[in-house]
Amino acid sequence: MTTAVCPGSFDPITNGHLDIVTRASRHFDEVVVLVTGNPTKTSGLFSIDERVELIREVIAHLPNVRVDSWGGLLVDYTSAHHITALVKGLRSSLDYEYELPMAQMNRRLTGVDTYFLLTDEKYGYISSSLTKEVAKYGGDVTGLVPDSVREAMAEKYR
Ligand code: PNS
């Protein structure tokens with residue numbers, strides 16, 4: 001069985017992330033959406049548990065996708081679970097510059113390979129941080145994040 005991990009901070013998951021996860025689920029038998037970060041840290045809009053719960057709701061229709069969280073090195077998670085593939089989305093050359101050293105470092109550490117999916121043009125400008133900024137000042141994030149996430153963001157900024 002081939003399993004891939006889609007890692008990220010997912011604070012919160014966007015429609016761009018969800019598109020990458022959905023497309024990855026067609027290429028691998030199983031996909032784990034892995035929320036990385038220190039569970040005791042309070043930085044970020046959502047706690048790690050809240051991010052996991054929001055993701056759980058929006059992947060519920062994808063039978064071969066599940067969500068987990070991890071506070072250590074990504075490669076320690078993949079090695080412990082015998083997972084040899086990571087999947088990430090690339091929106092632009094900026095993402096490439098950011099992702100390349102991480103992919104090379106992860107491969108050097110354990111041999112894990114990183115697969116890159118090009119972000120759909122519809123989602124190329126979406127990021128968690130931009131959606132938070134828009135939502136924080138009362139802008140409409142409909143279509144940028146799943147509806148349940150939009151509602152959770154509105155609740156946080158109320
Ligand atoms: O959503 P992000 O912030 O772009 O995700 C970056 C992420 C989570 C993939 C990266 O920060 C990560 O792998 N964190 C876990 C700690 C780790 O393994 N760091 C070394 C990366 S080479």
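Because only heavy atoms are used, hydrogens play no part in the values below, and waters and symmetry mates are left out as well, while side chains stay in. Everything numeric in this text was worked out from a predicted model, so none of it was measured. First listed ligand is number 1; within each ligand, the first listed atom is number 1. For reference, positions follow the sequence shown, starting with 1.
Looking only at distances, no side-chain donor or acceptor of Asp19 sits under 3.5 Å from a matching main-chain atom of Asn15.
Leu118 is connected to Leu100 through a chain of hydrophobic side-chain contacts under 4.5 Å among Ile, Leu, Val, Met, Phe, Trp and Tyr, so both are in one cluster.
At a heavy-atom cutoff of 4.0 Å, ligand 1 is surrounded by Gly8, Ser9, Thr36, Gly72, Leu73, Leu74, Lys88, Tyr98, Met102, Met105, Asn106.
If you run side chain to side chain contact (heavy atoms under 4.5 Å, CB included) between Pro12 and each of Arg51, His17, Lys132, Lys156, only Lys132 comes through. Just one residue in the list Val21, Val5, Val67, Val65 forms a side chain to side chain contact (heavy atoms under 4.5 Å, CB included) with Val32, and that residue is Val5.
Applying the salt bridge (charged side-chain N to carboxylate O under 4.0 Å, His left out) criterion to Asp68, with sequence neighbours excluded, gives no partner residue.
Ring centroids of Tyr115 and Phe28 are separated by less than 6.0 Å, placing the two rings close together.
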